[in-house]
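Structure record follows, encoded as structure tokens.
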Amino acid sequence: MAVNFSKWCMGIRPSVYVKDLGKHVGKEVTLKGWLYNKRSSGKLKFLIMRDGSGYVQCVVFKGNVADEVFENADKLTQESSFEVTGKVKVEPRSVGGYELDATDVKIISIAQEYPITPKEHGIEFLIDNRHLWVRSKKQIAILKIRARIVKAIRDFFDSRGFVLFDPPIITPNACEGTSTLFEMEYFDLGKAYLTQSGQLYAESGAMALGKVYTFGPTFRAEKSKTRRHLTEFWMVEPEMAFYDLDDDMDLAEEFLEYIVQCVLTDKQEELKELERDTTKLECVKRPFPRISYTEAVELLKKKGNDFQWGNDFGGADETLIGEEFDRPVMIHRYPSEIKAFYMKRDPENPKVALAVDVIAPEGYGEIIGGSQREDNLDFLLERIKEHNLPQSFFEWYLDLRRFGSVPHSGFGLGLERTVSWICGLDHLREAIPFPRMIYRNTP
RNA sequence: UCCGCGGUAGCUCAAUGGUAGAGCAUGCGGCUGUUAACCGCAGGGUUGCAGGUUCGAUCCCUGCCCGCGGAGCCA
């Protein structure tokens with residue numbers, strides 16, 4: 001019996017995407033996408049199609065097509081979906097360098113009046129329409145760079161013997177005991193919280209697998225209202241057995257260099273769309289400057305900032321320090337009092353912790369926070385008491401010191417801050433598809 | 001929570017104590033090379049809400065609501 005295979009084998013997916021038009025010069029192709037913009041000149045229409053992969057200008061000339069085709073082109077409104085068939089030609093006058101000489105235009109769906117016009121809009125309006133705003137050129141460029149950064153992060157660790165180790169999102173207590181967390185009722189077990197960090201769990205993973213990394217969303221219920229904060233953000237946290245603070249810093253700088261160089265190599269077009277000054281990114285090469293907290297305080301004082309040893313740096317302080325260098329700067333050995341309970345104190349100076357923060361250049365602030373972890377059971381018990389943390393919640397964590405404790409270190413990198421810095425954004429809300437902020441959880 | 005700024009057409013903004021204006025978007029018309037195209041015409045408004053002052057308030061005053069930016073906290 002004859003079977004009509006074509007009925008089952010042919011879907012509706014496009015056979016050609018805009019980014020590949022260079023391979024089809026002189027040939028007729030059919031593209032599917034949305035109308036980005038339209039200009040018309042009587043008998044001549046220019047349709048700018050976007051299909052997610054790129055943009056191409058399609059020329060519809062009344063004399064060359066059926067009346068119905070020309071009418072279809074006329075009916076298309078901004079963001080209407082359509083299919084266009086035509087011959088690909090090289091055209092320097094056209095954006096992207098190629099152009100489609102249309103022979104057929106099929107309407108898929110006419111868009112209603114599209115709210116995001118080619119003129120300027122306010123940020124509130126754009127965020128209200130975030131689900132549509134992601135179709136805009138700059139947003140597409142940012143989202144593509146974000147995806148490339150995520151791939152660079154995974155590639156970096158996967159190719160260096162790290163194992164992905166997923167921590168829980170729902171936790172029974174605050175990991176570090178400092179931040180305000182999102183609270184929930186967990187059946188009959190009482191209150192539970194959305195995680196603020198996977199780090200403590202990652203330590204368990206490092207004791208099992210040697211080198212691990214966690215990568216996922218984390219949550220902070222702080223009422224932060226600045227361009228540097230989101231309530232939901234992504235963090236990658238490597239954790240390594242038998243790494244001290246120096247090893248930790250070596251890894252952090254190699255990691256950042258790798259991410260930036262990947263974006264520079266693969267995302268030139270997107271960086272250009274964002275008008276990013278790439279010479280600033282090209283500087284991001286090892287070695288990064290390493291200064292102690294104490295040296296950073298002296299630097300601030302020299303710059304006329306009346307900063308007291310023992311305080312934590314604010315955003316303005318970080319910017320001042322960052323300005324001194326053309327690449328990320330690593331600040332290590334912070335006062336232990338302003339750092340988390342699990343950070344190991346420096347045996348040579350117990351007033352400071354073996355911690356490191358990496359400050360991005362150009363005022364982007366802290367993108368990495370890390371440390372060597374306290375591996376001594378007794379010291380860790382002391383810290384937990386000092387911080388007034390409930391020891392019972394940390395028994396499992398203390399077990400990691402009871403059963404074959406080793407020196408170990410790790411750090412956390414904030415994904416959106418990294419995206420924001422590399423893209424040169426002025427607010428974190430554009431670095432994630434759907435930002436969650438104190439006064440906004442929609443769309 | 002504190003400090004500062006704002007709310008006028010679908011969007012971005014302007015204006016004056018005396019009938020509310022532009023650009024974009026939308027509709028119609030024009031143009032064979034446009035690049036946020038351009039030109040002409042048209043529709044589109046309870047000026048955030050509630051009071052007060054005034055002959056008259058979008059404008060001045062009071063309160064409230066909403067938003068934005070910054071601080072603290074942090075990635």
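Heavy-atom basis, side chains included; hydrogens, waters and symmetry copies ignored. What you see is a predicted model, and the numbers here were worked out from it, not measured in a lab.
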Between B/C49 and B/A57 - P atom distance, rounded Å: 15 Å
Selection from B/U34, B/G27, B/A25 that lies nearest to any side-chain heavy atom of A/T117: B/A25
C1'-based separation of B/C55 from B/U62 [nearest Å]: 23 Å
Nearest-angstrom distance, C1' atom, B/C68 to B/U12: 16 Å
Carboxylate-amine/guanidinium proximity below 4.0 Å for A/E386 and A/R383: yes
Between B/U8 and B/A14 - P atom distance, rounded Å: 10 Å
From B/A75, B/C68, B/G33, nucleotide with atom closest to A/M235 side chain: B/A75
Donor-acceptor pair between A/D158 and A/Y213 side chains, under 3.5 angstrom: yes
For B/G17, the Watson-Crick or wobble partner whose two distances fall under 3.5 Å: none
Heavy-atom check, side chain of A/L380 versus side chain of A/Y397, under 4.5 Å: yes
Sugar-phosphate only, base, or nothing, as touched by A/K75 at under 4.0 Å among non-hydrogen atoms: nothing
Sugar-phosphate, base or nothing in reach of A/E79, heavy atoms under 4.0 Å: nothing
OP1 or OP2 of B/G72 under 4.0 Å from side-chain N/O of A/R228: no
Donor on one side chain, acceptor on other, A/R220 and A/T218, under 3.5 Å: no
Touch class at under 4.0 angstrom, heavy-atom based, for A/I116 against every strand present: nothing
Listed nucleotide nearest any side-chain atom of A/R39, set B/G72, B/A36, B/A25: B/A36
A/E222, nearest nucleotide to its side chain (from B/C73, B/C31, B/C68): B/C73
A/Y114-B/A25 aromatic stacking (under 5.5 Å, under 30°): no
Sugar-phosphate, base or nothing in reach of A/G365, heavy atoms under 4.0 Å: nothing
Quiz item: A/S40 side-chain donor-acceptor pair to B/C31 base, under 3.5 Å: yes
Span that lies between the P atom of B/C66 and that of B/C28, in whole angstrom: 42 Å
B/U46 and B/U58, which share atom name P, separated by this distance in whole Å: 13 Å
Sugar-phosphate, base or nothing in reach of A/Q57, heavy atoms under 4.0 Å: base
C1' gap between B/U16 and B/A22, integer Å: 16 Å
Given B/G33, B/C31, B/A75, the nucleotide with the shortest approach to the side chain of A/R93: B/G33
Touch class at under 4.0 angstrom, heavy-atom based, for A/G42 against every strand present: base
Nucleotide of B/G69, B/G33, B/A71 approaching A/H427 most closely (side-chain heavy atoms): B/G69
Listed nucleotide nearest any side-chain atom of A/S41, set B/G33, B/A75, B/A71: B/G33
Per A/V59 side chain, nearest of listed nucleotides B/G69, B/A75, B/G33: B/G33
CA sep, side-chain torsions, deciding dist, call: A/F157, A/F255, ring pair (Phe, Tyr, Trp, His ring centres under 6.0 Å): CA-CA 9 Å; A/F157 291 120; A/F255 180 50; 4.8 Å; yes
Which nucleotide in B/U26, B/C68, B/U34 has an atom nearest any side-chain atom of A/I123: B/C68
C1' atoms of B/C13 and B/G7, separation to the nearest Å: 13 Å
Salt bridge A/K19-A/D51, side-chain N to carboxylate O under 4.0 Å: no
Comparing A/T231 and A/I438 on RNA chain B - which has the more 5′ nearest nucleotide: A/I438
Electrostatic pair A/R290:A/D250 at N-O distance under 4.0 angstrom: yes
Minimum-distance nucleotide to A/R429 side chain [options: B/G69, B/U12, B/C74]: B/G69
Sugar-phosphate only, base, or nothing, as touched by A/F233 at under 4.0 Å among non-hydrogen atoms: base
Paired nucleotide for B/C2 [Watson-Crick or G-U wobble; both distances under 3.5 Å]: B/G70
